[in-house]
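Read the structure below first, then the notes.
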Amino acid sequence: MHYGELKKCDIANGTGVRVTLFVSGCTNRCEGCFQPQTWDFCYGRPFTAETEAEIFAELDKSYVDGLTVLGGEPFEPKNQPTLAALLQRVKERYPTKTVWCFTGFRLHDELLQEGSYPRTAHTDEMLSCIDMLVDGRFMQELKDISLQFRGSRNQRIIDMNKSRQTGEIVIWEQLRR
C-alpha cells in the first residue's frame, strides 16, 4: 500500500486533533475530487513499519484524539489488508482514541454486500475498528461547502458503535444539518 500524505495535527477530518493518513488508490474517481492524484495506487510513498511508528508516535500525544483514514480510498481491496492490521493495532494500543474513515463506498449496499467489488476478507475487520464512517461518493452536483466533514449532501457520517449496537445505520448525533 502507498500513501500520499500523513498529517500530524489535523482538525478538518474528524473531531478534535487527529493524525490523518491519506492512502493512495481509488477506482471511484469522483468528478470534482479534491485529490485526484491519489487515484493512482503508486502515488506517494510505500507504507512501512516506519510509517506506522510515526503514526503511533503522534497518537501517543495526549492532545491527539485519534486517527483518520481517507484517500484515495481506504476500502480499495488492495488497501484493506494493510489498513485492517493497522486499525486493529491502533484500537488495541489506544482504546480511548477514535478512528474516523472516509470512503466513497456506501456501507450497506457495497461494504457489507457479499460479492460487491470492495468487500474482502478484511472489510469486516476494518469496519469493527472504525468509530465514525463517512460514506458515499463525492457528487459534484450535490457539493455543499457548508457541510460538516463532508463534501456533498449525499454523504453520511455514521456512528459505527451505535450502528453495531442497534443493527441499523445510526447517523452521528452531533451532526450539524
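Quick caveat, the model's predicted, so the values are computed rather than measured.
The same ILVMFWY cluster, assembled from side-chain heavy atoms under 4.5 Å apart, contains both Phe47 and Ile130. Tracing side-chain contacts under 4.5 Å through hydrophobic residues (I, L, V, M, F, W, Y), one never reaches Trp39 starting from Leu70; they form parts of separate clusters. The cluster map of Ile, Leu, Val, Met, Phe, Trp and Tyr, joined by side-chain heavy atoms under 4.5 Å apart, puts Tyr43 and Met1 in different clusters. The hydrophobic clustering, which links ILVMFWY residues whose side-chain heavy atoms are closer than 4.5 Å, places Phe138 and Leu111 apart.
Side-chain contact check for Phe75 versus Cys101: some heavy-atom pair is nearer than 4.5 Å. With a 4.5 Å cut-off on side-chain heavy atoms, Arg150 and Ile157 count as touching. Side-chain atoms of Leu21 and Leu86, non-hydrogen and from C-beta on, do get closer than 4.5 Å to each other. In this structure the side chain of Met160 reaches within 4.5 angstrom of the side chain of Leu107, judged on heavy atoms. Between Tyr3 and Thr48 the shortest side-chain heavy-atom distance does not fall below 4.5 Å. Side-chain contact between Glu173 and Asp159: absent, with no pair of heavy atoms (C-beta onward) separated by less than 4.5 Å. Residues Thr68 and Val99 fail the side-chain proximity criterion, which asks for heavy atoms closer than 4.5 Å. With contacts defined as side-chain heavy-atom distances shorter than 4.5 Å, the pair Thr98/Met132 does not qualify.
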**Request:** Verify side-chain hydrogen bond (donor to acceptor under 3.5 Å, both in side chains) between Glu76 and Tyr117, making sure each step is shown before the conclusion.
**Result:** CA-CA 9 Å; Glu76 282 292 346; Tyr117 166 73; 2.5 Å; yes
**Request:** Report the C-alpha separation of Ile145 and Lys143 in whole Å, then their side-chain angles, then the decisive distance to 0.1 Å, and conclude whether the side chain to side chain contact (heavy atoms under 4.5 Å, CB included) test is met.
**Result:** CA-CA 7 Å; Ile145 61 169; Lys143 181 179 179 177; 4.0 Å; yes
**Request:** Assess whether side chain to side chain contact (heavy atoms under 4.5 Å, CB included) is satisfied between Leu6 and Val19, documenting all intermediate values.
**Result:** CA-CA 7 Å; Leu6 179 63; Val19 176; 3.7 Å; yes
**Message:** Please determine whether side chain to side chain contact (heavy atoms under 4.5 Å, CB included) holds for the pair Phe105 and Leu133, giving the CA-CA distance in whole Å, both sets of side-chain angles, and the decisive distance to 0.1 Å.
**Reply:** CA-CA 10 Å; Phe105 297 114; Leu133 181 72; over 6 Å; no
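Side chains of Thr20 and Asp10: a donor-acceptor N/O pair is present below 3.5 angstrom, by distance only. Looking at Thr166 and Glu168, their side chains never bring a donor and an acceptor atom within 3.5 Å of each other. Donor-acceptor pairing under 3.5 Å is lacking for the side chains of Glu73 and Thr27.
For Glu141, the CD atom is densely surrounded, since the number of other residues' heavy atoms within 6.0 Å is greater than 12.
At least one donor-acceptor pair closer than 3.5 Å links the side chain of Gln155 to the backbone N or O of Gly151. In this structure a side-chain-to-backbone donor-acceptor pair under 3.5 Å is present from Gln80 to Pro118. Between the side chain of Asp135 and the backbone N or O of Phe102 there is no donor-acceptor pair closer than 3.5 Å. Asn28 places no side-chain N or O within donor-acceptor distance of the main-chain N or O of Cys30, the cut-off being under 3.5 Å. The backbone N or O of Leu87 lies less than 3.5 Å from no partner atom in the side chain of Arg89, so there is not a single donor-acceptor pair. Distance alone, capped at 3.5 Å, is enough to place a donor-acceptor pair between the Thr38 side chain and the Gln35 backbone. Glu110 places a side-chain N or O within donor-acceptor distance of the main-chain N or O of Arg106, the cut-off being under 3.5 Å. In this structure, Lys97 contributes its side chain and Leu67 its backbone to no donor-acceptor pair below 3.5 Å. Side chain of Ser24 to backbone of Phe41: no donor-acceptor contact under 3.5 angstrom is found.
By the 30° and 60° cut-offs, the orientation of the rings of Trp100 relative to Phe149 is perpendicular. Ring-plane geometry between Tyr94 and Phe56 is classed as tilted, the angle between the planes lying from 30 to 60 degrees on a 0 to 90 degree scale.
Within the model, atoms NE2 of His122 and CG of Asp124 stand 11.5 Å from one another, a figure rounded to the nearest 0.5 Å. The structure places OG of Ser116 at 8.5 Å from CG of Asp109, a figure rounded to the nearest 0.5 Å. The structure places CZ of Arg137 at 12.5 Å from SG of Cys33, a figure rounded to the nearest 0.5 Å. Once rounded to the nearest 0.5 Å, the distance linking CD1 of Ile169 with NZ of Lys162 reads 15.5 Å.
Between Arg119 and Glu114, at least one side-chain nitrogen of the basic residue sits less than 4.0 Å from a carboxylate oxygen of the acidic one, meeting the salt-bridge criterion. Salt bridge present: Lys91 and Asp131 bring a charged side-chain N and a carboxylate O closer than 4.0 Å. Using a 4.0 Å cut-off between charged side-chain N and carboxylate O, Glu58 and Arg18 make no salt bridge. Ion pair Asp60/Arg93 flagged as a salt bridge, since at least one NZ, NE, NH1 or NH2 atom sits closer than 4.0 Å to an Asp/Glu carboxylate oxygen.
Taking every heavy atom of both residues into account, Gln88 and Cys129 meet most closely at OE1-SG, 3.5 Å. Closest heavy-atom contact between Pro74 and Gly72: CD-O, 4.1 Å. Of all non-hydrogen atoms in Thr51 and Pro46, the two that sit nearest each other are OG1-O, 3.9 Å. When every heavy atom of Cys9 is checked against every heavy atom of Val17, the shortest pair comes out as SG-CG1, 3.9 Å. Here the closest heavy-atom approach between residue Cys42 and residue Asp40 is recorded as N-OD1, 2.8 Å.
The side-chain tip of Lys7 does not point at the ring of Phe22 from less than 6.0 angstrom away and within 45° of straight on.
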